[in-house]
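Below is one structure, written out as structure tokens; the observations come after it.
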Amino acid sequence: MTIWTLLAATVLSVIIGLVIFAFSVSLKNVKSAEERRYIIKWTLIFLFIIGSFIAAILTVPPERKFLIWIIYIVVLPVAIRLSKREDKKPSNQ
């Protein structure tokens, strides 16, 4: 096992731990079932996007990694805007 593999595993485990912590804190502060669904939905979406990015960066040949960055730079802000737009929708309460 190389030092880079160990470093990547360490960084990835810290990121996953922080995401789980932030997710649990967010769930403790919800006031309705609708908010809970919103948090769970978008947490899973962002975990998928970030996990896919990390997997792609670790598996794609070095000469093609810039394409992964371009896709990531486009997809992440779009997902953030969509989540903010959905957050601002009026609820039926």
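Being a predicted model, the structure only gives us computed values, none of them experimental.
Among residue pairs with one or both ends in residues 17-33, none qualify as salt bridge (Lys or Arg N to Asp or Glu O under 4.0 Å); sequence neighbours excluded. Residue pairs meeting the side chain to side chain donor-acceptor pair (under 3.5 Å) criterion with at least one member in residues 58-69, sequence neighbours excluded, do not occur. Listed by first and then second residue, the salt bridge (Lys or Arg N to Asp or Glu O under 4.0 Å) pairs involving residues 13-26 amount to none (not counting sequence neighbours).
With a 4.5 Å cut-off between side-chain heavy atoms of Ile, Leu, Val, Met, Phe, Trp and Tyr, the cluster of I70 takes in F66, L67.
Listed by chain and number, the residues in a side chain to side chain contact (heavy atoms under 4.5 Å, CB included) with A55 amount to none (sequence neighbours excluded).
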Extract all donor-acceptor atom pairs below 3.5 Å that involve side chains of residues 38-53 and protein atoms in other chains or at least two apart in sequence.
unit_1	atom_1	unit_2	atom_2	d
Y38	OH	S83	O	2.8
K41	NZ	E86	OE1	2.9
K41	NZ	E86	OE2	3.4
W42	NE1	E86	OE1	3.3
T43	OG1	I39	O	2.6
S52	OG	F48	O	2.7

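Under a hydrophobic-cluster definition in which Ile, Leu, Val, Met, Phe, Trp and Tyr are linked whenever side-chain heavy atoms come within less than 4.5 Å, directly or via other members, V78 and V75 are assigned to the same cluster.
Taken to the nearest 0.5 Å, the CZ atom of R37 stands 6.0 Å off from the CD atom of E34.
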